[in-house]
Amino acid sequence: MRVIAGSARRLQLVAPEGLETRPTGDKIRETLFNMLQWDIPGSTFLDLFSGSGAIAIEALSRGAESAVLVDASRKACACIRKNLETTKFTESGRLIFGDVMSAIRKLESEGRTFDFIYMDPPFRHETEKDVLERLRGSSLVKENTMIIVEAARETDFSYLEEMGYHLVREKIYKTSRHEFLKRGGEE
């Protein structure tokens with residue numbers, strides 16, 4: 001696994017061993033950031049269920065101003081720390097060890113907002129639905145915040161409109177998908 005583009009291009013990243021995390025592959029990450037490339041420079045990025053930190057680090061490498069990475073696994077956080085050091089993003093990348101809901105509350109209490117909120121929760125547990133429910137009224141989400149959910153290809157998102165989200169874009173891969181969402185009817 002490597003950083004695909006930007007200032008940390010080609011630097012190798014480490015991922016936690018075992019089956020607890022499922023790092024987003026290079027090709028899917030490249031596709032994702034090719035879709036976002038014009039909006040990343042200068043942005044603020046929140047990476048929930050960070051795993052190796054590869055998504056947020058890719059955003060930082062491509063010019064994001066700052067990123068917050070959240071994970072509840074000690075092994076994952078150790079990898080994220082190492083990857084932030086390798087890429088020299090320890091100043092612009094902040095790591096929060098803990099569960100996502102607690103991290104959201106903490107960031108809200110700090111008055112933070114984000115241009116991008118990315119989540120890649122464990123597949124097939126409907127965790128993304130719980131987090132989207134929490135973000136629906138969160139102060140972390142600005143008017144134009146893009147929320148991106150990585151999920152198993154067969155994940156049901158039929159509840160989005162009822163929950164107050166607008167599907168901006170969808171990208172389906174062989175076994176997974178990215179849903180690009182905004183709150184309300186914002187495009």
Side-chain angles (χ1 to χ4, degrees), residues 16 20-21 23-24 32-33 36 39-85 87-123 125-151 157 159-168 178-187:
E20 284 180 36
T21 59
T24 301
L32 171 66
F33 280 95
L36 303 175
D39 299 318
I40 292 293
S43 67
T44 53
F45 202 95
L46 175 58
D47 185 0
L48 303 173
F49 308 96
S50 239
S52 66
I55 295 290
I57 287 170
E58 189 73 39
L60 290 167
S61 182
R62 292 174 184 243
E65 178 184 309
S66 65
V68 175
L69 302 87
V70 178
D71 206 287
S73 161
R74 290 192 190 282
K75 285 195 293 187
C77 286
C79 287
I80 293 167
R81 240 181 245 102
K82 182 170 177 39
N83 289 333
L84 287 171
E85 289 168 7
T87 55
K88 300 186 179 11
F89 291 132
T90 53
E91 294 295 314
S92 53
R94 173 184 173 194
L95 174 60
I96 297 177
F97 168 68
D99 72 270
V100 164
M101 298 302 189
S102 296
I104 289 171
R105 283 190 298 277
K106 178 179 181 57
L107 292 166
E108 286 171 337
S109 73
E110 295 172 4
R112 295 293 307 265
T113 60
F114 295 92
D115 298 306
F116 292 95
I117 299 176
Y118 183 88
M119 72 176 93
D120 183 7
F123 282 6
H125 294 327
E126 295 192 7
T127 308
E128 65 281 341
K129 187 174 185 179
D130 295 336
V131 178
L132 287 170
E133 179 67 39
R134 180 66 181 82
L135 289 175
R136 158 166 113 155
S138 175
S139 59
L140 300 179
V141 182
K142 303 185 293 188
E143 182 180 339
N144 290 315
T145 298
M146 178 69 71
I147 300 170
I148 305 163
V149 182
E150 184 170 337
F157 284 99
Y159 58 84
L160 289 175
E161 191 174 311
E162 185 179 304
M163 204 180 270
Y165 288 99
H166 170 72
L167 180 63
V168 175
H178 278 127
E179 301 291 308
F180 298 79
L181 314 171
K182 292 202 174 178
R183 265 195 328 205
E186 301 147 9
E187 304 239 0

Report, as yes or no, whether the 6.0 Å neighbourhood of atom [atom1] on [X] holds more than 12 heavy atoms from other residues, nucleotides or ligands.
{"X": "E110", "atom1": "CD", "answer": "yes"}
{"X": "E161", "atom1": "CD", "answer": "no"}
{"X": "E133", "atom1": "CD", "answer": "yes"}

Student check: side-chain heavy atoms of [X] and [Y] closer than 4.5 Å:
{"X": "I148", "Y": "L36", "answer": "yes"}
{"X": "D47", "Y": "F114", "answer": "no"}
{"X": "R94", "Y": "S66", "answer": "no"}
{"X": "F157", "Y": "L167", "answer": "no"}
{"X": "L48", "Y": "V131", "answer": "yes"}
{"X": "F33", "Y": "I40", "answer": "yes"}
{"X": "L181", "Y": "L132", "answer": "yes"}
{"X": "D39", "Y": "M146", "answer": "no"}

Output the distance between atom [atom1] ([X]) and atom [atom2] ([Y]), rounded to the nearest 0.5 Å.
{"X": "L69", "Y": "I96", "atom1": "CG", "atom2": "CD1", "answer": "9.0 Å"}
{"X": "E162", "Y": "L160", "atom1": "CD", "atom2": "CG", "answer": "10.0 Å"}
{"X": "D120", "Y": "S52", "atom1": "CG", "atom2": "OG", "answer": "9.5 Å"}
{"X": "E108", "Y": "L140", "atom1": "CD", "atom2": "CG", "answer": "4.5 Å"}
{"X": "E128", "Y": "Y159", "atom1": "CD", "atom2": "OH", "answer": "5.0 Å"}
{"X": "I117", "Y": "S138", "atom1": "CD1", "atom2": "OG", "answer": "6.5 Å"}

Indicate yes or no for a side-chain donor-acceptor contact from [X] to the backbone of [Y] under 3.5 Å, with no hydrogens or angles considered.
{"X": "S61", "Y": "E58", "value": "no"}
{"X": "Y118", "Y": "E150", "value": "no"}
{"X": "R183", "Y": "L135", "value": "yes"}
{"X": "D99", "Y": "A72", "value": "no"}

Original post:
Where do I57 and L84 land on the side-chain contact (heavy atoms from CB on, under 4.5 Å) test, with the steps shown first?
Top reply: CA-CA 7 Å; I57 287 170; L84 287 171; 3.9 Å; yes
**OP:** Begin from the C-alpha positions of L107 and L46 and carry the test side-chain contact (heavy atoms from CB on, under 4.5 Å) through to its verdict.
**Re:** CA-CA 10 Å; L107 292 166; L46 175 58; 3.8 Å; yes
Subject >> D130 and M101: CA distance, side-chain angles, deciding distance, side-chain contact (heavy atoms from CB on, under 4.5 Å) verdict >> reply: CA-CA 9 Å; D130 295 336; M101 298 302 189; 4.0 Å; yes
